[in-house]
Amino acid sequence: MADINNLSSVYEPQLVEDKWYEFWKSNDFFAPSADYSKIPFSIVMPPPNVTGALHLGHALDNTLQDILARFKRMQGYNTLWLPGTDHAGIATQAVVEDALAQEGLTRHDLGREKFLEKVWEWKDLYGNRITSQLSLLGSSCDWTRERFTMDEGCSKAVREVFVNLYEKDLIYQGNYIINWCPRCNTAISDIEVEHEDSSGNLWHIKYFVEDAEDYIVVATTRPETMLGDTGVAVHPEDERYKDLIGKNVILPLVNRVIPIFADDYVDKDFGTGVVKVTPAHDPNDFEMGLRHNLEQIKVIDNHGIMHENAGVYQGLDRFACRKRVIEDLTEQGYLEKIEEHSHAVGHCQRCATIVEPMISKQWFVKMKPLAKPAIEKVTAGEIKFIPARFTKTYINWMENIRDWCISRQLWWGHRIPVWYCDDCGEVIVSKTDPTVCPKCNSTNLRQDEDVLDTWFSSALWPFSTLGWPEATKDLAYFYPTSVLVTGRDIIFFWVARMIFSGIEHMGEIPFADVNIHGLILDGQGRKMSKSLGNGIDPIKVIEKYGADTLRFSLITGVTPGNDIRFHWEKVEGIRNFANKIWNASRFVLMNMEDYKTINVENKLTLVDYWIISRLQETIKTVTRNLEEYDYGEAAKNLYEFIWDDFCDWYIELAKPRLFRPQDNMERLLVQNVLHDVLSDTLRILHPFMPFITEEIYQYLPSHNRTIMLDKWPIADDEKIWTDFVDDMQDIMQVVRGIRNIRAEFNINPGAKIEAILIIKDAAKREIFTQNSSYIESLANLASLYIEDALDTKPKQAVSAHTHLVEIYIPLEGVIDIEKEISRLEKDFKNAENDLTKATNKLKNEKFLAKAPPEVIAKEKGKAEEAKLKKEGIEKRLQILKN
RNA sequence: GGGUCGUUAACUCAGCGGAAGAGUGCUUCCCCGACACGGAAGAAGUCAUUGGUUCAAAUCCAAUACGACCCACCA
């Protein structure tokens, strides 16, 4: 360690952060010890995308987890924070495909096996970037237990779960309507579709009734799907169309004869009240089709191109086809009118391509039976969402859940563990790869081509990472995990699925608390996105300002669950705070050369009692806030205690006592208080700012191996001396009063002046007398006189008044009496206002009857204080006016 | 259509039943033996609107307005 006196007066995080991370990691401080007699505390990290880069969302998410992990570790819990990464099926495959496209290749040119080799190469190359970035943040996760959703253990867990669910009839395969992304070329689940309102048209098309002159008009937003219409629906009670039910219409352009039928689904008041029904390309039409036995005609293929069933339109892109269909309808006189209409259009979450609903053979998880216990555990309070309002979000979604489409037509992911026998058609679902058909002994087996939704494996994360399906020690000890920390954007994708998976496969909830945080937005409140180019790279922030500053900036002044706007100004403010901590610590350490530990009891003075009390209160609040996951409030309390109380008041008061002590004991005493307060402060600050606190900690005369394994301070109520705190506040008020006069009368800050305090209350006068040296130094006084009364009150003086004290500053030369009078009159008015407010309350009988006694007592105190202050000013005004 | 969040000083946000707060910015003064990434003092707010509950409302309730987000199968 460098000599404390040579340290820079500006804190330079770049010089210390890497050093300490390496120190912690190489000493295995992050890895929980084998001491299983201790109480466990465990968190699994939401696994970031393996090929991704750290963004501010990750920075926030992991800062919160690290705060909890470090806090609990210091409290003595056997703490495991388990890190890992996600294979992120579509996202990763897309990145590698993009890279291939640079060489003019597609994945099909390489073939499945070669392509997967490429993805693994990619993973090995870039897979560590995110984890090394997490290290830069200071994340105290146990890298020795790091996992990956496609590692051997997790893959085993996936198969186990798939087979279990299949055997319980909770996984099935079938032809249903699903969301299809024509660009990604795969099915996606309902929640991977993002609906966005877009202005479109509602086209009104005439469908002529068979064998009649009559026609009915259907309204549609997607005219190209009419090519697949196999019916027309009206509401059963719609008088307009009642007579037509059971008749047929002739589908324009196609000339197919299709039935008119009645269905409750139809809304009489929307459009024309007539719905064209395309069972193969619309989820509602699909349902109606089933109810009325309609034919399903697929007219759009997997690439979004019109299918051969589309007749002359075959080969056209679906949107080009829309144009052509409109043109043809217009030409042939079928188009009645075009209305403007805004409606929600589904886009692929990954690539923003407009999703096409279509019938497809896919694998599904039956959700209702799984959702039921998952709802119950939450409503029963076994799993708690913090903030609580997210409970509702979760329950609403779970109650309206639909089956989960889990198969994806991708190559990167967990291959579905299903084999088909080409000889007898047997379907084999197996945990291990089969070699022969159990039914016909054929070896002509073919594995299902598809992979599983990436969230299928993430859903198992809290137990697959601890060794399941093996009965490992870690699993027995750390499961259920203590808390899950994650963003509100993945409650459905991830949290909900972990909950039902944990209950179903472990028979136990995966975590007791779910701590949801908001999203990081840019300065204007917009989501950060690549297309807007408004993203902030957290690594850049760390390089410039340090990880501690980034961490603290992300959490301070933030309400739980609310979104957070990122502002550089705030980062700079926190950088200044870090610098403040650095310099205050430097001050303490620079005055430690002759320090030795003494027993400070019975030697403390008012200011010592005060700062120790404030420290206890801060420890208490910060501890409670952390237990309640209120990071913002905890950070705010730390900031205020350190900057306002410790730096601005205590250190200032410590200076004369250190430099010009009455005796050697005084210096020793102050050194001890400074040391102890700093030491505790560093420890309660450590979870928030791990690096700077470790750096300073190591300079403390008394320190252990590392701050991160030192003890979390426990607040001592007996060290909260409220009387001393009150007295100190009285003194601070007087100091502020004198300073205010100095500033208002432009007294040179360097000039030492004289002040007179009139204090009637004998006990208070005694306290002020005992502590007069503090007032002298803080207000920079040459002399201070404390009296019970003043016989001849000087006219050539300015005054200020608190409820206890009249302050007089005699001024040489002439003071502007008029100005002084108006200054005092303003104060007088304020005191009078306070007094009337309080007395009015006290005159109110209902208030006296119903308000709690302590509130009434407080109000009486306020009235008394205001009265004394008012009287003081009044008397002074009389003198000035005569 | 349903739901959630927000509306407090010029800006960014805390506070969420008992005397309006912070940071930034602004004004004035100050390099005083930790820090000018600093210190001292100061100006600055009908706490969106309207009703209600209460002795007491920025804080609870209800409506409204304006933002933002989420869910949803009105073609």
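We name chains A, B, ... by the order of the sequence lines, and we start the count at 1 in each one.
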Whole-Å gap separating C1' (B:A41) and CD1 (A:I741):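 For the pair A:I741 CD1 and B:A41 C1', the rounded distance is 12 Å.
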Spacing between A:R742 atom CZ and B:A40 atom C1', to the nearest angstrom: 10 Å
Syn/anti state of B:U46 by chi, 90° boundary around 0: syn
Parallel, tilted or perpendicular, as decided by the 30° and 60° cut-offs, for the rings of A:Y11 and A:W582: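 A:W582 vs A:Y11 ring planes: tilted.
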Backbone N/O of A:S529 and side chain of A:N534: donor-acceptor pair under 3.5 Å: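 Pair found, side chain donor or acceptor close to backbone of A:S529.
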Watson-Crick or G-U wobble partner for [N], using a 3.5 Å limit on both distances?
| N | value |
| --- | --- |
| B:A14 | none |
| B:U7 | B:A65 |
| B:A34 | none |
| B:A19 | none |

Can you figure out which of [options] approaches the side chain of [X] most closely?
| X | options | value |
| --- | --- | --- |
| A:E865 | B:C35, B:A19, B:C74 | B:A19 |
| A:N740 | B:A40, B:G42, B:A34 | B:G42 |
| A:Y639 | B:G23, B:C55, B:C37 | B:G23 |
| A:D648 | B:C69, B:A40, B:G33 | B:A40 |
| A:F847 | B:A34, B:G18, B:A43 | B:G18 |
| A:K850 | B:C55, B:G23, B:G18 | B:C55 |
| A:V10 | B:C74, B:G15, B:C37 | B:C37 |
| A:P749 | B:A75, B:A41, B:C29 | B:C29 |
| A:H195 | B:C73, B:C70, B:A75 | B:C73 |

Can you give me the N/O atom pairs linking the protein to nucleotides 4-7 of chain B at distances under 3.5 Å, or say none if there are none?
unit_1, atom_1, unit_2, atom_2, d
B:U4, OP1, A:K392, NZ, 2.8

Note: A:D229-A:K276 ion pair, threshold 4.0 Å (strictly below): yes
Closest contact, heavy atoms only, A:C647 versus A:I651: O-CB, 3.6 Å
Side-chain donor/acceptor of A:R660 to base of B:G33, under 3.5 Å: yes
Euclidean distance, A:K870 NZ relative to A:E832 CD, rounded to 0.5 Å: 5.0 Å
ring centroid sep under 5.5 Å plus plane angle under 30, A:F659 with B:G33: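 Stacking between A:F659 and B:G33: present.
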